[in-house]
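To start, the structure under review is shown below, and the notes come after it.
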Amino acid sequence: MVTTPIPQPQTTPIQSALIVGNYCHDVLLQGGAVVAETLGGAASFISNVFSALSVSFHLTSKVGFDFKYPVNHDPIVIPTSKTTVFHAYFDQGHTENAHQDRVLKRVEVCDPINPSDLPDKRFDFGMAVGVGGEILPETLEKMVEICDAVFVDIQALIRAFDKNEGTVKLVGLKESGFYHLLPRVKFLKASSEEALFMDVEEVRQWCCVVVTHGKDGCEVFWKDGEMKIEPFGANQVDPTGAGDSFLGGFVGGLVHGLVVPDAALVGNLFGSLTVGQIGLPKFDLRLLQRIKDEVQRRKLQNTCWFEGGNDSMSFTKPDGHDEFHASLASTKLVPTCSIQECQRDVPRSAGSVEQVIQPPCNGQ
Ligand SMILES: Nc1ncnc2c1ncn2[C@@H]1O[C@H](COP(=O)(O)OP(=O)(O)OP(=O)(O)O)[C@@H](O)[C@H]1O
Ligand SMILES: O[C@H]1[C@H](O)[C@@H](O)[C@H](O)[C@@H](O)[C@H]1O
């Protein structure tokens, strides 16, 4: 394969970004025992990928007095509340519901994020990425007012929580209280399980819908078309946060000037890197540099689509898309560096994985 030189200098995107969603504590359980405790929340996984891709952002997140992980982007600490906690049971999903890889229970819940908690300024784009019901309809409404484009993870909209045990259930998007805001949303991301709770044919008339399919990659639906985006290989040990890292990689790719199909490949790549580790992944620095070089080489447009508006977005696969997939896949072949050399948004020394006894699930 002939490689073209990397355009120099590598520019850091200048778009202003707002991430909204609470950090949480994740407890992974298998066979009745705790196998790992980690920092969680879509906001933490996305921050991690954005930092890896040099995308700067503002974060609005709430935690309680007991929040136990050091993070680079400080959350709002609520002295009268506890941090949201999820218990993920890895051996119940297949028996109780064939669509789930795990059963999630929200066992503590922090305060919701109110419109007044959001910064009093405008952003090029925002990401509504709640996990425990913390994003209210009025909060999303404020986001679409202050951001030029808004990306939404459907899990922020359709989760409901059993009163006694906190078991996460999903409700139809139409019944969620957010449906009227969809025409003002640019991208809606759903896992294949969550996509069953929406009418994709209807929603794609308003916004671009991205459905992730685990090891099979993802699909992008827009008003006039759809396409499948190929996955990358991975040895899955923990699926937690794959969808969040996918979204971080996808949006990071768009910010760096990639067109939608190429950006979705970057999303698939970060999803595959995440399932290979327990909890928040740490990325090898050499691997990250290779990924950034490939993205820089691939950039087909001079500006990010946020600057040109919706009409400048290109949805069809451009020439060289398959080669871009191959070159991203080859970035995984670099020798890895030591743990000290690895990047992460959250300092590892203070322990974003607090305890690991054994991986929650091996292989597929
Ligand atoms: N086993 C795997 N092998 C390779 N890639 C994977 C695997 N699992 C997930 N991915 C990548 O990550 C993306 C998101 O995964 P998935 O569809 O499981 O999201 P999700 O169910 O929202 O995840 P979670 O709720 O655990 O964050 C997929 O589209 C794919 O690109
Ligand atoms: O940390 C995880 C992660 O953010 C997942 O995407 C979400 O589904 C879980 O609720 C959360 O505990």
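Any value given below was found using the heavy atoms of this structure, including those in side chains, with hydrogens, waters and symmetry copies removed. All ligand and atom numbering here is 1-based and tracks the order in the structure.
Annotation for ligand 1: atoms under 4.0 Å from non-hydrogen atoms of S272 are 4 (C), 5 (N), 11 (C). Near G241, with a cut-off below 4.0 Å to any heavy atom, the atoms of ligand 1 are 24 (P), 26 (O), 27 (O). Heavy-atom contacts of G243 reach the following atoms of ligand 1: 14 (C), 19 (O), 20 (P), 22 (O), 23 (O), 24 (P), 27 (O) (cutoff under 4.0 Å). Each of the atoms 1 (O) of ligand 2 lies under 4.0 Å from some heavy atom of F45. Listed by number with element, the atoms of ligand 1 under 4.0 angstrom from any heavy atom of P239 are 24 (P), 26 (O). Taking a cut-off of under 4.0 Å to the non-hydrogen atoms of Q236, the atoms of ligand 1 that pass are 1 (N), 2 (C), 8 (N). Under a 4.0 Å criterion applied to the non-hydrogen atoms of G41, ligand 2 contributes the atoms 1 (O), 2 (C), 4 (O). Heavy-atom contacts of K189 reach the following atoms of ligand 1: 22 (O) (cutoff under 4.0 Å).
By the criterion of a heavy-atom distance under 4.0 Å, neither the backbone nor the side chain of D216 is placed next to ligand 1. Residue contacts with ligand 1, taken as heavy atom pairs separated by less than 4.0 Å, involve H213 solely via the backbone atoms N, CA, C and O. Residue-level proximity to ligand 1 for N268 is carried by backbone and side chain together, each with a heavy atom below 4.0 angstrom. With a 4.0 Å heavy-atom cut-off, ligand 1 is reached by no atom of F45. Under 4.0 angstrom from ligand 2, the non-hydrogen atoms of C24 all belong to its side chain. Of the heavy atoms in K215, both backbone and side-chain atoms come closer than 4.0 Å to ligand 1.
Between F123 and H58, the ring-plane angle classifies as tilted under the 30° and 60° cut-offs. Using cut-offs of 30° and 60° on the angle between ring planes, the pair F187 and F315 is tilted. Relative ring orientation between Y89 and H87 is described as perpendicular, the plane-to-plane angle rising above 60° on a 0-90° scale split at 30° and 60°.
No donor-acceptor pair under 3.5 Å is formed between the side chain of Q289 and the backbone N or O of L285. In this structure, Q277 contributes its side chain and K282 its backbone to a donor-acceptor pair below 3.5 Å. The backbone N or O of C110 lies less than 3.5 Å from a partner atom in the side chain of T84, making a donor-acceptor pair.
Residue A42 has at least one nitrogen or oxygen atom sitting less than 3.5 Å from a nitrogen or oxygen atom of ligand 2, judged on distance alone. At least one N or O atom of G217, backbone or side chain, sits closer than 3.5 Å to an N or O atom of ligand 1. Between Q155 and ligand 1, no N or O atom pair is found at a separation short of 3.5 Å. Looking at ligand 2, you won't find any N or O of G40 less than 3.5 Å from one of its N or O atoms.
Taking the charged nitrogens against the carboxylate oxygens, K62 and D111 have no contact shorter than 4.0 Å, which rules out a salt bridge.
Between atom 9 (C) of ligand 2 and the options E194, R106, R159, the minimum heavy-atom separation is to R159. When the heavy-atom distances from atom 4 (O) of ligand 2 to L247, L28, D244 are ranked, the shortest goes to D244. The heavy atom nearest to atom 14 (C) of ligand 1, out of those in A264, A242, G271, G267, is found in A242. Scanning A234, P231, S245, S191 for the heavy atom closest to atom 21 (O) of ligand 1 points to S191. Of all the listed residues (N22, V168, D26), D26 holds the heavy atom that lies closest to atom 2 (C) of ligand 2.
Smallest separation of non-hydrogen atoms from P281 and T274: CG-OG1, 3.5 Å. The heavy-atom pair separating I113 from S61 by the smallest distance is CD1-CA, 4.3 Å. Looking at every heavy atom in both residues, Y23 comes nearest to V63 through CB-CG1, 3.8 Å.
Aromatic ring centroids of Y179 and W206 lie under 6.0 Å apart. For F45 and F270, the ring centers sit 6.0 Å or farther from each other.
For the pair R102 and ligand 1, a heavy-atom separation below 4.0 Å is found.
In this structure, the side chains of V27 and F86 stay at 4.5 Å or more apart for every pair of heavy atoms.
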